[in-house]
Structure formats: structure tokens, C-alpha cells
Amino acid sequence: VNWIKDEQSRNTELYKQTYKGKTFGFSTLKETRPGVYFPFLAGLYGEYRSGGFGVTTIPKMREKIKEKGGKLYSTYVSSNNPTIVRLHLDCGFKIEKTVYVFIKHK
């Protein structure tokens with residue numbers, strides 16, 4: 001929550017994701033340079049994670065970027081989040097490079 005508050009003070013836009021009047025998640029959008037938008041954080045609330053709502057988030061953000069006159073949607077996806085990697089690929093994105101994230105468990 002504090003990260004989002006900090007980003008709002010930097011002119012990052014925060015959007016509610018809704019369906020039939022219920023908020024199921026959120027997304028953020030920041031213009032990093034003219035016409036280039038970076039949706040760096042999005043999430044679904046717990047009870048909606050298995051309902052197929054995630055597939056609507058990326059097209060909705062692309063629509064917002066187009067409304068703003070944006071020309072490029074650029075983002076990073078963590079390699080340890082295969083669901084989000086697949087979601088971006090299903091929405092027509094291509095992978096330019098991969099940076100692996102390793103976690104040491106004690």
C-alpha cells in the first residue's frame with residue numbers, strides 16, 4: 001500500500017478493476033517517456049484469483065494507453081511468476097530478454 005501511495009505522489013495512475021460493480025483488482029500506469037507507458041504493478045484480490053479475471057487486466061490497460069495517445073506498452077515480468085508470463089504471451093506480447101530470479105530457501 002505504501003509503495004502505491006509513493007507512486008501516486010509521482011503521478012502514477014491507479015485503476016480499479018471492476019466487474020458487475022465489484023472491484024476484483026487494481027493496476028498502475030506510469031508514462032516513462034512521451035508515448036511510452038509502463039504498467040508496473042497489478043493484482044487481483046484473493047477471492048477473484050481463480051475466476052479468470054486476470055485475462056481482462058492487460059487488454060484494459062492497453063485500451064487506457066491508446067486513449068491517452070500512447071504508442072508503446074512496455075513492462076517487466078518476473079521469471080518466477082509463470083502465470084503472468086503466459087498471460088502476457090496470450091495477449092500478444094513477445095519476450096525480448098529474460099532475467100532469472102533465484103530464491104534461496106533456508
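- Looking only at side-chain heavy atoms (C-beta outward), Leu41 and Ile4 come within less than 4.5 Å of each other.
- The shortest non-hydrogen separation linking Thr57 to Ala42 is CG2-CB, 4.2 Å.
- Heavy-atom minimum distance, Val55 versus Gly52: CG1-O, 3.2 Å.
- There is a path of hydrophobic side-chain contacts, each under 4.5 Å, that joins Ile95 to Ile58.
- Residues Phe26 and Ile84 do not share a hydrophobic cluster, defined by chaining ILVMFWY side chains whose heavy atoms lie under 4.5 Å apart.
- In this structure, CZ on Arg62 lies 16.0 Å from OH on Tyr37, to the nearest 0.5 angstrom.
- The line from NZ of Lys68 to CD of Glu31 is 8.0 Å long, rounded to the nearest 0.5 Å.
- Heavy atoms of other residues, nucleotides or ligands lying less than 6.0 angstrom from NZ of Lys30 number more than 12.
- Taking the six-membered ring for Trp and the full ring otherwise, the centers of Tyr19 and Phe24 sit at least 6.0 Å from each other.
- For the pair Thr75/Phe38, a side-chain contact is recorded, criterion being any heavy-atom separation below 4.5 Å from C-beta on.
- Remark: Lys66 NZ to Lys71 NZ distance equals 9.5 Å, nearest 0.5 Å.
- With Thr23 contributing its side chain and Lys16 its backbone, the two residues share no donor-acceptor pair below 3.5 Å.
- No single ILVMFWY cluster, assembled from side-chain heavy atoms under 4.5 Å apart, contains both Tyr15 and Trp3.
- Residues Leu87 and Gly54 share a closest heavy-atom pair of CD2-O, 3.5 Å.
- Under the 4.5 Å side-chain heavy-atom criterion for grouping Ile, Leu, Val, Met, Phe, Trp and Tyr, Val77 is not connected to Phe53 through any hydrophobic cluster.
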Verdict with supporting geometry, Gln17 and Ser27, side-chain hydrogen bond (donor to acceptor under 3.5 Å, both in side chains): CA-CA 7 Å; Gln17 302 292 330; Ser27 55; 2.7 Å; yes

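- One distance of note links CD of Gln8 with CD of Glu13; it measures 10.0 Å at 0.5 Å rounding.
- A salt bridge links Glu63 to Lys60: at least one charged side-chain nitrogen sits closer than 4.0 Å to a carboxylate oxygen.
- Taking a cutoff of 4.0 Å between a charged side-chain nitrogen and a carboxylate oxygen, Glu47 and Lys22 do not qualify as a salt bridge.
- A heavy-atom distance below 4.5 Å is not found between the side chains of Asp6 and Thr12.
- When the side chains of ILVMFWY residues are joined at heavy-atom separations under 4.5 Å, either directly or via intervening members, Phe40 and Val36 end up in two distinct hydrophobic clusters.
- Using modelled atom types, no side-chain atom of Glu7 and backbone atom of Asn11 make a donor-acceptor pair closer than 3.5 Å.
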